[in-house]
Trainee: 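Take this structure first; my questions come after.
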Amino acid sequence: IYPLSLHDALPICDASPPALPSATATFDQVSVTPTVPVGGGLGGVVDWSLDNAFADIMKQTHRWEFVSGSGAVPMDSQGDPTVSNVEVFIQTLPLGFSQQYNGTYKLSYQGNATPTAGWSPSSVTVTNVVYNAGTNTTTANVNVNFNSGTSGYWILRFVGGTAPKNIQMMRPGYSTTNPPEFTTEYIQHVEQFNTLRFMDWTQTNGNPQVNWSDRSLITNQSWPPGGVPWEVCVDLANAAHRNMWINVPIGATDDYVQQLAALIKARLDPDLSVFVEYSNEVWNAGFSQYSVNRNAAVAVTYRKRGESSW
């Protein structure tokens with residue numbers, strides 16, 4: 001028995017409350033089905049992302065630089081460098097997360113430039129470099145062994161010889177023969193959502209695309225410069241069997257929209273649905289699409305009034 005109020009200085013007696021009997025229960029074959037479907041917005045595809053979406057890690061790379069550090073690297077229409085003695089940022093390494101990238105990556109590309117590790121050669125080594133003159137192809141193993149305290153940049157260099165083209169670097173455990181687009185872990189992650197929003201994947205904010213020919217192509221070396229191609233977005237929806245939520249670029253022409261609709265209709269599993277949004281947050285003055293949308297709204301208003309301007 002204990003005091004009935006905080007004003008009581010002492011318990012009425014020293015007796016302790018009786019111990020309650022313990023009980024346990026075991027449940028087998030329990031499953032939980034969400035009552036409300038939840039969608040998820042996919043993180044942007046950039047070299048500092050920890051999503052690890054693609055089996056070919058080169059798809060998330062960007063920032064080609066000369067090994068000397070001076071000048072802009074000339075690129076071809078696919079995003080490959082047209083010269084050698086260059087380096088590319090593979091992955092930004094946040095402190096405490098670097099070890100997840102450890103393992104042996106399978107590198108291949110056209111050209112005979114020599115691949116070497118940049119920035120942290122003690123943690124990254126390149127071995128088994130083989131050049132096949134008949135196919136003009138170089139293959140190598142890129143061995144990564146970061147420790148828990150590693151942070152900074154993982155950089156790969158191509159020195160001497162000819163410019164590297166069609167570079168592929170498969171993550172540990174993934175085949176170089178008919179490889180998958182996406183990592184198993186990423187598919188398992190997005191499967192927990194009912195709908196996938198591709199706003200950041202397609203770089204909706206500030207997207208300059210107008211014509212269908214402006215879109216990011218599936219043949220591009222990597223996808224951060226212009227966003228993930230629409231075809232790959234559809235492929236992810238199919239692989240995870242999840243609905244799509246797409247964001248149409250603010251400046252897209254009617255033809256662009258029609259071509260996009262036709263592509264999705266032809267490529268997407270017919271069991272899945274598509275939700276369409278006009279750009280993203282057109283009310284947000286922090287994005288360039290705000291001004292485009294506002295100017296269009298003003299123009300429509302004045303046309304209806306029979307006026308030409310403010």
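Throughout, residue positions are numbered sequentially from 1 according to the sequence presented.
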Trainee: Would you check if there is a donor-acceptor pair between the side chains of Asn143 and Thr104 at a distance under 3.5 Å?
Mentor: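 Yes, side-chain donor-acceptor contact under 3.5 Å.
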
Trainee: Consider only side-chain heavy atoms of I, L, V, M, F, W and Y, link residues closer than 4.5 Å, and tell whether Phe198 and Leu263 are in one cluster.
Mentor: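 Shared cluster, yes.
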
Trainee: For residues Tyr109 and Asn166, determine if any side-chain heavy atom of one lies less than 4.5 Å from a side-chain heavy atom of the other.
Mentor: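 A side-chain contact under 4.5 Å is absent here.
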
Trainee: Under a 4.5 Å side-chain heavy-atom rule over Ile, Leu, Val, Met, Phe, Trp and Tyr, are Val282 and Val210 clustered together?
Mentor: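 Different hydrophobic clusters.
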
Trainee: Is it true that Ile264 and Val190 fall in one hydrophobic cluster, defined by side-chain heavy atoms closer than 4.5 Å?
Mentor: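 As far as the 4.5 Å side-chain criterion goes, Val190 and Ile264 are connected within one cluster.
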
Trainee: Checking the side chain of Ser49 only, and the main-chain atoms of Val46 only, is there a donor and an acceptor separated by less than 3.5 Å?
Mentor: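 No; zero donor-acceptor contacts below 3.5 Å.
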
Trainee: At what distance, to the nearest 0.5 angstrom, does CD of Gln168 lie from OG1 of Thr139?
Mentor: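 The distance works out to 11.5 Å.
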
Trainee: Any salt bridge between Glu277 and Arg197, counting N to O under 4.0 Å?
Mentor: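 Salt bridge between Glu277 and Arg197, a charged N being under 4.0 Å from a carboxylate O: yes.
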
Trainee: Which pair of heavy atoms, one from Val129 and one from Ala140, lies closest together, and at what distance?
Mentor: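 Smallest heavy-atom distance, with atoms named: CG2-CB, 3.8 Å.
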
Trainee: Looking at every non-hydrogen atom in both residues, tell me the closest pair between Gly161 and Asn112 and how far apart they are.
Mentor: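 So the two residues come closest at CA-OD1, 3.2 Å.
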
Trainee: Group every Ile, Leu, Val, Met, Phe, Trp and Tyr by side-chain heavy-atom contacts under 4.5 Å, then state whether Val232 and Trp212 land in the same group.
Mentor: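 Yes; tracing contacts between hydrophobic side chains, which count when under 4.5 Å, links both residues.
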
Trainee: Decide yes or no for Val274 and Leu268: does some side-chain heavy atom of the first lie under 4.5 Å from some side-chain heavy atom of the second?
Mentor: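 Yes, their side chains come closer than 4.5 Å.
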
Trainee: Looking only at heavy atoms, which two atoms of Leu272 and Ala237 are closest? And how far apart?
Mentor: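 Scanning both residues, the minimum pair turns out to be CD1-O, 3.6 Å.
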
Trainee: Measuring from atom CG of Asn238 to atom CG of Asp269, what distance do you get when rounded to the nearest 0.5 angstrom?
Mentor: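 Between atom CG of Asn238 and atom CG of Asp269 there are 5.5 Å.
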
Trainee: How close do Phe146 and Ser123 get, counting heavy atoms only, and between which atoms?
Mentor: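 For Phe146 and Ser123, the tightest heavy-atom pair comes out as CD2-CB, 3.5 Å.
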
Trainee: Going by atom types alone, do Asn52 and Thr183 pair a side-chain donor with an acceptor below 3.5 Å?
Mentor: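 No - no donor-acceptor pair under 3.5 Å links their side chains.
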
Trainee: Would you say the side chains of Asn280 and Asn205 form a donor-acceptor pair under 3.5 Å?
Mentor: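 Indeed, the side chains of Asn280 and Asn205 share at least one donor-acceptor pair under 3.5 Å.
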
Trainee: Quick one: NZ on Lys106 to OH on Tyr174, what's the gap to the nearest 0.5 Å?
Mentor: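 Result: 15.5 Å between the selected atoms.
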
Trainee: Examine the side chains of Asn293 and Ser279 and answer whether a donor and an acceptor come within less than 3.5 Å of each other.
Mentor: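 No, no side-chain donor-acceptor contact under 3.5 Å.
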
Trainee: Is it true that a side-chain atom of Asp200 and a backbone atom of Val45 form a donor plus acceptor pair closer than 3.5 Å?
Mentor: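 Answer holds: no.
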
Trainee: If you compare all heavy atoms of Thr82 against all heavy atoms of Asp76, which two are closest, and at what distance to 0.1 Å?
Mentor: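 So the two residues come closest at CG2-N, 3.7 Å.
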
Trainee: Any chance you could measure Glu87, atom CD, to Arg157, atom CZ, to the nearest 0.5 Å?
Mentor: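 One gets 4.5 Å once the value is rounded to the nearest 0.5 Å.
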
Trainee: Does the Gln221 side chain pair with the main chain of Lys59, one donor and one acceptor, at a distance under 3.5 Å?
Mentor: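 Such a contact is absent between Gln221 side chain and Lys59 backbone.
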
Trainee: Give the ring-plane orientation class for His62 versus Phe89, where under 30° counts as parallel, over 60° as perpendicular and anything between as tilted.
Mentor: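 Plane angle between 30° and 60°, so tilted.
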
Trainee: So, Ser222 side chain and Pro224 main chain: donor-acceptor pair closer than 3.5 Å or not?
Mentor: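 A pair under 3.5 Å: no.
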
Trainee: Here's one to test your reading of the geometry: is the NZ or CZ of Arg171 within 45 degrees of the ring axis of Tyr101 and under 6.0 Å from its centre?
Mentor: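 The answer is no, since Arg171 fails at least one limit relative to Tyr101.
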
Trainee: Can you tell me how far apart CD (Gln78) and OG1 (Thr219) are? Round to the nearest 0.5 Å.
Mentor: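 Nearest 0.5 Å value for the CD-OG1 distance: 5.0 Å.
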
Trainee: Would you name the heavy atoms of Met169 and Asp56 that are closest together and state the gap between them?
Mentor: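 Smallest heavy-atom distance, with atoms named: N-OD1, 2.9 Å.
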
Trainee: Will you find, in the side chains of Gln91 and Asp47, an N or O donor that is under 3.5 Å from an N or O acceptor?
Mentor: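 No, no side-chain donor-acceptor pair sits under 3.5 Å.
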
Trainee: For atom CG of Asn295, decide whether the heavy atoms of other residues, nucleotides or ligands shown that lie under 6.0 angstrom number more than 12.
Mentor: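 Atom CG in Asn295 is crowded, with more than 12 foreign heavy atoms closer than 6.0 Å.
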
Trainee: Distance from Leu196 atom CG to Asn243 atom CG, nearest 0.5 Å?
Mentor: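 One finds 8.0 Å between CG of Leu196 and CG of Asn243.
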
Trainee: Is there a donor-acceptor pair closer than 3.5 Å between any side-chain N or O of Asn141 and the backbone N or O of Asn128?
Mentor: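 Absent.
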
Trainee: Please report whether the ring centroid of Tyr105 lies less than 6.0 Å from that of Trp154.
Mentor: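 Close enough - the centres of the two rings lie under 6.0 Å apart.
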
Trainee: Short question: side chain of Thr204, backbone of Met199 - any donor-acceptor pair under 3.5 Å?
Mentor: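 Yes; at least one donor-acceptor contact below 3.5 Å.
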
Trainee: Taking side chain as C-beta onward, heavy atoms only, is Val88 less than 4.5 Å from Ile90?
Mentor: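 The answer is yes, as the side chains (C-beta and beyond) meet within the 4.5 Å cut-off.
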
Trainee: Cluster question for you: counting only ILVMFWY and a side-chain heavy-atom cut-off of under 4.5 Å, with indirect links fine, are Leu217 and Val228 together?
Mentor: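 The answer is no; the residues belong to distinct hydrophobic clusters.
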
Trainee: Measure from the ring center of Phe54 to the ring center of Tyr186 and say whether it is less than 6.0 Å.
Mentor: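 No - the distance between ring centres of Phe54 and Tyr186 does not fall below the 6.0 Å cut-off.
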
